Number of protein chains: 2
Amino acid sequence: MEKRATIKDVAEAAGVGVATVSRVLSGGSASPRTRERVLAVAAQLDYRPSALGRNLRQRRTGGIGLLVPDLTDTFHAQLAEGVLACARPAGEPVVLGSTGGDPEQESELIGMLLEQSVDRLVAVPSGDEETWAPAIRAGMTVVFADRLPAGPPAADDDPAAAAVDDLLLLDGLAPAPPPPGRALDVPSVVADDRAGIRTAVRYLRGLGHKRIAFLGGPGHDRRAAAFREAVGAPVDEELVVFGTGSRDSAYAAASGLFQSRPDLSAVVAGGNVLGEAAVLAARELDLRVPRDVSLVMYDDVPWAELCSPPLTVIAQPGRDMGYRAAELVLRSGGRRQRSVVLPTELIIRGSCGPHR
Amino acid sequence: MEKRATIKDVAEAAGVGVATVSRVLSGGSASPRTRERVLAVAAQLDYRPSALGRNLRQRRTGGIGLLVPDLTDTFHAQLAEGVLACARPAGEPVVLGSTGGDPEQESELIGMLLEQSVDRLVAVPSGDEETWAPAIRAGMTVVFADRLPAGPPAADDDPAAAAVDDLLLLDGLAPAPPPPGRALDVPSVVADDRAGIRTAVRYLRGLGHKRIAFLGGPGHDRRAAAFREAVGAPVDEELVVFGTGSRDSAYAAASGLFQSRPDLSAVVAGGNVLGEAAVLAARELDLRVPRDVSLVMYDDVPWAELCSPPLTVIAQPGRDMGYRAAELVLRSGGRRQRSVVLPTELIIRGSCGPHR
DNA sequence: AAGCATGATGGAATCGTTTCCATGGAGAAG
DNA sequence: CTTCTCCATGGAAACGATTCCATCATGCTT
């Protein structure tokens, strides 16, 4: 419980000034003689500079914040591991927050990070651009991973927007995905959802499936849009359903989908929690996979192989995604970074069969 | 990008001294008139006290550290969520580190936390007591979760220790589990491994199984000991095998076990990663669960139900464990806390069958 | 009415670091 | 030999909060 040595102690013991010690320790210029002495004394006193003093002086906390909706979503855990893997060698502490998918909690956590002067942040956002504006305004360096915040409220009662969407859909084009950080100008690292979903839908089509459903969760809007695009007009909107984030709600959504539309023959789940729910709901309703219903799940997770049949998945590199995002946030010395889109891969296992 | 208002700005704008502002904001005494004015000004300037200044002054960083071996182990993710759930309402930031099960990395991360003056820590330890001694000596408040650090080196070449172990085993007693923090005097929150394992073994025995194996990972020594105790002498040590932490190594261990001992009829996996490996290895070797081999897995995770058959598990409350540990670490205002042992529950699903 | 207690208030020290600036000495160039 | 340059060095000022302590006003007691 002895208290730690400060730079002053080291200076005194080495018979030099504190400035010199600081310089030696942070690679400034110093004569070899003093450098050696200071180093020796520091080692002997087991001196470790206090991040507190440094941070205060430099008006910023080192380290990077990490905000995810839910760690028990294996994909987010993978992503977090990636961030940690990048931060560790850099000696940067990672401050973790889990938002539960709730924009309000997200907002609070951003506030907390701000208070801590954590000025670099990797986030899987839950809130919309409005939620994120304060962080940006405060000068945080933010990198979004896996998703982008939804655009401004985009009220349901905005007929113009809806019309545009329709038009685009009828043309077989995706509604323009929120342009990466147009409003916010924030770089991001995301998977190529469009290609991933398209590949999956084509694959299912190739197996003869006509009625394909999309089961999404919060933040899966881009995937849903990609799905609509891949399916092509006319989109049967009853086949695009969303859960709200909890496992229960995902299960309810899946179960509701299966029950309300017994005619569907294939499901694309927008994330592993949704995939899990789909398997469970199907089993409960005595639907057999893949005989009665085919299933493709977004996210490759270790347990996908454990299911029987093992799940066919759209793999996205969660760990890489986290790593790259952390890299971006660490490297951006103030200058803008380019966004990154990582490839997805359709891994065919056993959860899809021919349409009967 | 405007810089944040400081306490000085508020003081100036309110026409009072900084001391008064500080007092008002931290609940000290002040006249209603000034209090009101200061509050108004603070709100208007959107003032948020900087944790940096406060921490430096108080010589401690708020917040709590969290060290786990691997977040993609779903149990650790649950535990982490528990810690976060407790820390969030308290407004405490959580600094996360993942050690990969490597004592050396763990040591480095402890050093990093020390540097950050994070003085409260919840840890699922990987290293032994020697690894943890520095943290304790430095005055950190540590709470171990899920496991305790292994006792001192307990060198393989220490015949005395080995002999004692043998003796105890022959007596059908578990080698005394490292007394919770005897050497280290650190409180902990763990599951009742002994009861959990015993129940599982009895259950398997009840199904007629004679040759039961234990498949463990790093940190599962207490569970292995409990297993040995539950099985009773003589323990067939070939049936107690360990992986080193990675999924590959777990798979190798499981596969090796099945191949070297085709006579075994049931396996207790010491954790969900091991359970996953066991299912995979069994499938690869064309062993059917539960017809050819019965399986009980420690940890209840959402995907346990997805396997077919759904896995019978020893459930331990991961989220609670994290929550309680965080509570302990937050509440201990310097004074010692009592360790907590949480109950386990055998959840019978479909992965165990009668011995044939 | 004078002295005393009480409570609000602001100045200043403090925490441990980095960094600006002034100083001083040594070597080089004239 | 003088002057100029360069570099190592240490003192001191930040950074933004908390907190001790002195000051001052007010109201009460005697």
Side-chain angles (χ1 to χ4, degrees), chain A residues 2-39 41-42 45-63 91 93 112 114-119 138-139, chain B residues 2-39 41-42 45-63 91 93 112 114-119 138-139:
Chain A
E2 72 269 20
K3 59 180 164 304
R4 282 166 51 187
T6 76
I7 199 175
K8 213 169 155 186
D9 299 328
V10 177
E12 228 158 273
V16 299
V18 290
T20 304
V21 176
S22 174
R23 265 187 301 257
V24 168
L25 264 355
S26 45
S29 70
S31 79
R33 243 175 60 70
T34 26
R35 148 164 278 117
E36 198 183 346
R37 199 167 64 234
V38 168
L39 253 25
V41 171
L45 291 189
D46 190 30
Y47 168 70
R48 318 181 57 114
S50 152
L52 256 36
R54 178 187 358 226
N55 291 345
L56 176 56
R57 172 63 220 241
Q58 309 189 328
R59 251 112 69 77
R60 52 176 285 260
T61 296
M112 190 258 278
L114 237 31
E115 195 158 311
Q116 300 290 328
S117 304
V118 172
D119 58 357
Chain B
E2 73 269 21
K3 56 181 166 305
R4 282 166 51 189
T6 74
I7 198 175
K8 214 170 157 186
D9 299 327
V10 177
E12 229 158 90
V16 299
V18 290
T20 305
V21 176
S22 174
R23 265 187 302 255
V24 168
L25 266 352
S26 43
S29 72
S31 79
R33 242 175 63 69
T34 24
R35 147 164 279 117
E36 199 183 344
R37 200 167 63 234
V38 168
L39 252 24
V41 170
L45 292 188
D46 190 31
Y47 168 70
R48 318 182 57 116
S50 153
L52 257 38
R54 182 191 351 236
N55 291 345
L56 177 56
R57 173 63 219 244
Q58 311 190 328
R59 255 121 49 91
R60 53 177 285 259
T61 295
M112 191 257 279
L114 237 29
E115 195 158 313
Q116 301 289 328
S117 304
V118 172
D119 58 358

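Since the structure is predicted, the reported quantities are computational estimates derived from the model, not experimental observations. The sequence lines fix the lettering, A, B, ..., with proteins before strands; numbering per chain opens at 1.
Residues from residues 29-38 of chain A with heavy atoms under 4.0 angstrom of DNA chain D, sorted by number: Ser29(A), Ala30(A), Ser31(A), Thr34(A).
When side chains are defined from C-beta on, Asp119(A) does not count as touching Thr61(A), because their heavy atoms never get closer than 4.5 Å. For the pair Asp9(A) and Thr6(A), the minimum side-chain heavy-atom distance is below 4.5 Å. A heavy-atom distance below 4.5 Å is not found between the side chains of Leu52(A) and Arg59(B). Side chains of Val16(A) and Arg37(A) form a contact here, defined as non-hydrogen atoms less than 4.5 Å apart. By the 4.5 Å heavy-atom criterion applied to side chains, Pro93(A) and Gln116(B) are counted as neighbours. Under the 4.5 Å side-chain criterion, counting only non-hydrogen atoms from C-beta, Glu115(A) is not in contact with Ser50(B).
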Heavy-atom protein contacts under 4.0 Å, nucleotides 14-21 of chain D, coded B base, S sugar-phosphate only, - none: BBBBBB--
Donor-acceptor pairs under 3.5 angstrom involving side-chain atoms of residues 25-35 of chain A: please list them, not counting sequence neighbours.
unit_1, atom_1, unit_2, atom_2, d
Ser26(A), OG, Ser22(A), O, 2.6
Ser31(A), OG, Thr34(A), N, 3.3
Ser31(A), OG, Thr34(A), OG1, 2.6
Thr34(A), OG1, Ser31(A), O, 3.0
Arg35(A), NH2, Gly28(A), O, 3.4

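Atom CZ in Arg60(B) sits roughly 17 Å away from atom C1' in dT14(C) (whole-Å rounding).
Note that CG of Leu114(A) is 8.5 Å distant from CG of Asp46(B), once rounded to the nearest 0.5 Å.
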